[in-house]
Structure formats: C-alpha cells, structure tokens
Amino acid sequence: MATNQKNKIISSSNFIRAKIEKDISNNLYKNKLWNKIPGNGVHQSNGSLDEAKIRTRFPPEPNGYLHIGHAKSIFLNFGLAKDFSGACHLRFDDTNPEKENQEYVDSIIENVKWLGFNWNFKKEENLYYASNYFDHMYEAAVLLIKSGFAYVDQQNADEIRENRGTLTTPGKDSPWRDHSIEDHLKWFTEMREGKHADGSMVLRAKINMASPNINLRDPAIYRIKKSHHHRTGDAWCIYPMYTFAHPIEDALEGITHSICTLEFEDQRPFYDWLLRRLKENGFFSDPLPKQYEFARLNLTYVVLSKRRLIELVEKKHVSGWDDPRMPTIVGAKRRGYTPSGFKLFTDRIGVSKADSWIDYTILEDCMREVLNESAHRRVAVLDPLKLIINNFSENHEEDCFAPNHPKNKDLGKRTIKLTKELWIDREDFMEEPVAKYFRLSPGAQVRLRYGYVIKCTDFEKDANGKIIKIFCDYLPDTKSGTPGADAIKVKGNIHWLSCKYAVTAKVNLYDRLFKETHPGDNNNYIDDLNPNSLTTKEIKIEENLSKILPGDQYQFERHGYFIADNLSKPDDIVINRTTTLRDSWQ
RNA sequence: UGGGGAGUCGCCAAGCUGGUUAAGGCACAUGGUUUUGAUCCAUGCAUGCGAAGGUUCGAAUCCUUCCUCCCCAGCCA
C-alpha cells in the first residue's frame, strides 16, 4: 500500500488490483488488437496493438440518478484504468426501453465528469451505448441459434417459470426446445419483424435445464417488447436481456476486466459460456473479457436502492433527486460534498467481497478532512443573542483581522468590523455554567475571536425568562495581534458579528434522512424517515459573505462546513450545512 | 434442503502458493501544540484470525466437520 507523508492511503491493495497486476505481468493482453472503435473479432483483427494496457467500464442503466454506491464503482473502474495506463469506458446499458430515458443519461454524464473523470483515452472518446450494438447482438443471437445453442420458446411466462424448477429440484425441458434450427431461425426472424405479440415468444440459450445454477437453466436472452427506445426509436421490437447483452458489450469494446457487484457472481458461468460459444463461431477472439465481482456499498442510515430513491422523490419525502439529504451524487453535491472527499472515502473503505456496512460518519469524516484543508474560514452566528460592550462608545467601529485559513497564510486575511452591539451564539452563554464550561457566563472572561478579551458584567431576560441581552466590558490592550494580547489568558474563545454589519441569510441544517441504522429492517423504510432531517432558520453571516454565490463553500468557524445553495441569490442568501465540525465538548 | 459467495481488533481491510513479534486506515484512549472545545503531532490499541478437531518442527494460511450471514427460481439490471 502506498502512503504519502501524512500517512493517508493513496491506493490500497485489493483483489482486483492484484489480479490486474498478475494479468499484465503474464502478458495476457500483449497481443490484444483494437481497431479504434468497438466491434467484433473480424473488425478488431484489422486494428493495431491496443495502447490501453487494460480496459474497464462503468455501465450504468440510465433509469435513475447516480448515487454514492455508484461513486464507489466509478472510482474503482476509472481509477484502475488510470493507475494501469488503461481506458475506462462510460457505457449506457440501455437494453430495456421501458425504464430508460435521456434525462438520466444527461445526469449520469454530468455526475461522472463532476467526480473528476472522463472517458477519453489518447484520441478515443469511449462513450458508448448498448443500444448501438443491437445489430451485433442480433447477429450473435442468430449465430447461437445456428450452432444449436439457442431456441425460440413459445411457452408463456408462467409456463417458463413453472418449468424452471426450484432451488432444489431440476427444471423441465421446454416442448419447443428441440424443434429444428430452421424453425427457430424462422421464429426469431418473425420476432424481429414484429409478427408476434409481447410475451408470446422468447429466445432462450440452450444449456441445461437441470443445472444446479438456476441461471444456466436456459436463460432468456431476447424478448419481444414493442416499445419506443430513447435512442433507437422504433427500429426494434425485440430487446436483448442483460445476461446476454452485457458480455457482448464488454467483448465488443475490448474490455479486459468487467467489474460488477456480487449479485452477478452466479451469472459468471453464463458470461463465460456465451463468450466461448461466440468465440467458437468466430464472432469474437481472445483475449475475452473476464468478470470480477466486489461487494456493493452499504451505508448506515442510508437507502441506496433505485426503487426506494425513486419513491422518495415521487412521494415527495424529499424535494427532488438533488435534495441535499439524498445520497445521490447531485444531492451530495448540493449538500457540499466534494469529489476529493468521495475519493478519500472510496480509498478508505477499500474493495473486497465481504458484505459490510460502512458507518455514515466515515463519509462525513472524509468530507470534513478534505474541506478542512481547502475551505476558507468565515464567521456565522446560527442562533443570535445580543451582546453589548459597555465601555465602547455608541459609534465605536474597529477593524479586526481574521486569517482565511489558520494553517495556510497564503490564503490571506480579511477584516471584520467590531462595534458596540454584537451577535454571539446563544450556546456560548450560560447563566449558570456547568463544570468545565469555558465560554461566557456572569463574571467570566472570554476572547472575542480576532478581537478583545471581554468580561461579562450582566445580562437581561424578557418576561418569559429568556435571555435576550448580555453586557460585557472589553479589556484594553488585549486585542488579537497586538503585543500585549496574550497578557490575559482565557480558555474560551467565541465568535461574534457586528449587529450593524452582519448580513441575514437562510440556512438549511440537515440531519440524517433516516433515523434507523438499517432503514426498512423492522418497518417499511418510509416509517424510518427522520422527521427532523431538515431545520430551516435565519442566521447572521459576516459582511464579507454578502456576495456569496451558489456552490461557494466555507467553514463557519466553530460550526462546520457550509455551501451556498443552488438557488441562493445575493439578496436572498440560502446556505446549506454540509456537516458540523467534530465536537468533543459534551 | 440445490448452487454460488463471505466470515481477521468497535468499523473497514492486507495477509491466505504454510515460516520472523497478524500491515494499514477509521474509531477510541492518553499526552503535547493551538486565539476554532476544530485541525495538527506523539504514544497506546488482536498470544488472536467464525468454532472444534487434525496434518506439521511450524497454520490466519493445508485437511475434516460444524456454525453464521449474503445472493440466485424477472420475458429487470
């Protein structure tokens, strides 16, 4: 494992990485040919040696928005290609027209780019669509029928299910299984010509109805679906199944390592079977792609299934796909999560085949870690309480200097106006301080950050007993940055804002969307929604933030990381809290 | 109960063609620095590798049996 000076993981070893290193050192792809674009064996044989050492792919189905789980796969696939001088293709697996559309394609492209990747290798632009391969797939299917490895089944769905057998009992051969190759060829042609109704026929691979692996009991590979495809329109009325399409897509694109999640493990035998048959037919040639499976990401307090995410949006439990509480990439972006934070996260959690649950706080910590380095500091008061400095004159105005970053002086500093009336955060004052509370309380001294040390002389309550005003004396000669500043030591250090200069803004304070560690484990997951996942309120921010733009990110000192919302405008500032700072107090 | 996977520190995760004291990260603990109770730095943190047997001079690594968890019976991906 490589580490840098700060001992952070740069890239951890995992079984896929190890396999690739081994494959490369065994010269598996030394003679691999590539003819500029995807194509069958004949096409590739006219090409030249593939300059990409390996080829991986990220193959989303455009039927939803990308989420944090996809980020793991994206960093894995694109990261591997980058590390091994290879190419990673972005491929839309659009073989089911009923669920897919262009909106999703667009958002996926944008998300992958946002995470910092592109699909270019040298002069190639490796952006592909499974739907572009429909002709090849049809040809492959015909080849399979001709060699006796596929047949048109005219049983209906129920009959097929019935005859598939169960986990413990073998299936039964379809009565259509042993008709002549000519018949099957004719029927398949008719299927393609639209002569048969949806569901009336299906093309199946002919393997073994008694296989202990159910996926090998003559899986369906082509179905009739008279629906409009978002890219091919009405050109086709039959569409290939994932099982059949995916290996072909990989092979056409010269993929070397086809990385997917664990649930596809059982399908690897079919993946290999299909490609071998097609190689025997001369449709493909070595080296054939190989499939590898890793454990998908599970995050506590988070739901990542597409079905559930869609439901959250459609039933308006959130404001949309980009609601900052959503685990989607667009949601995370709007929340202020960053690509480098995701990179750190994926490096930190690793890749293996063990089912595991990653605690949500790991993700948050990664964002904190990254933002701590980069975010400029500003001051905000989230729960304003007025503080009066007795011994300042009414018109007192004084510049205080605050560095933009405590560790990086190159980032400069800014001025903040100190006046007689200030806003401080309510939690920074206690009428009767608990043990080890070293903020303000009657008689106590604290430092106004970047300003003077003050001493609390009095406070005022309203009729309901709520504290509404704090009175303090400032101690001359204690101003930050002046020679005598440290003469008086104080433990407390609180932030503040001038009432005269502070700007008002709206803030969205987010908490986890679900209140249960594993939403849906004991209830319907909707019942596990956290009713307090969003708190909206008005806050005070420093004058230097008056022109904050959507996407601008800052650390509000002693509070956390914040980002200006997409909809924020200078005269109507809206800020989202990305995450709080770690807080070991209480 | 068929097939395919997985079980190493609170959470991840290397190691698993047997051979020095079982990597590393996160978390946690204790010190130190600090004008963010943040950050940062230092130190500590598995006689143990799901369990029990066995092979061996030597086992997380090999063998046997057992236990637990996940996935598969869509004309979804």
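Note on naming: letters A, B, ... go to the chains in the order of the sequence lines (proteins, then strands), and numbering restarts at 1 for each one. Side-chain atoms are counted along with the backbone in the values below, which use heavy atoms only and exclude waters and symmetry mates.
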Quick one: is [N] close enough that its OP1 or OP2 comes under 4.0 Å of any side-chain N or O from [X]?
X	N	value
A/Arg161	B/rG74	yes
A/Arg296	B/rC71	no
A/Arg268	B/rC72	no
A/Arg164	B/rC75	yes
A/Ser352	B/rC12	no
A/Arg558	B/rG37	yes

Specify the glycosidic conformation (syn or anti) of B/rG10, with syn defined as within 90° of 0.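 Base orientation relative to the sugar is anti.
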Ignoring hydrogens and angles, answer whether the base of B/rU39 and the side-chain atoms of A/Arg582 contain a donor-acceptor pair closer than 3.5 Å.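 For A/Arg582, whose side chain was compared with the base of B/rU39, there is no donor-acceptor pair (under 3.5 Å).
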Under 3.5 Å, is there an N or O donor on one side and an acceptor on the other linking the side chain of A/Glu373 and the base of B/rU39? no
Quick check, does A/Trp585 stack with B/rG37? I mean ring centres under 5.5 Å and planes off by under 30°. yes
For B/rU43, which nucleotide in any strand shown is its Watson-Crick or wobble partner with both distances under 3.5 Å?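 Pairing partner, where one exists within any strand: B/rA29.
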For B/rC69, which nucleotide is its Watson-Crick or G-U wobble mate, given both distances must be under 3.5 Å? B/rG5
From B/rA6, B/rA77, B/rC75, nucleotide with atom closest to A/Val202 side chain: B/rC75
Identify which nucleotide among B/rG2, B/rC40, B/rG15 has an atom closest to any side-chain atom of A/Lys407, counting heavy atoms from C-beta outward.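 Looking only at side-chain atoms, A/Lys407 lies closest to B/rC40.
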Can you confirm if the aromatic rings of A/His246 and A/Phe264 lie within a centre distance of less than 6.0 Å?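 No; A/His246 has its ring centre 6.0 Å or more from that of A/Phe264.
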How many whole angstroms separate atom CD of A/Glu263 from atom P of B/rA77?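 Going from A/Glu263 (CD) to B/rA77 (P), I get 13 Å.
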My understanding is that only one of A/Lys306, A/Glu98, A/Glu100 makes a side chain to side chain donor-acceptor pair (under 3.5 Å) with A/Asn63; could you say which?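 Looking at A/Lys306, A/Glu98, A/Glu100, the match for A/Asn63 under the side chain to side chain donor-acceptor pair (under 3.5 Å) is A/Lys306.
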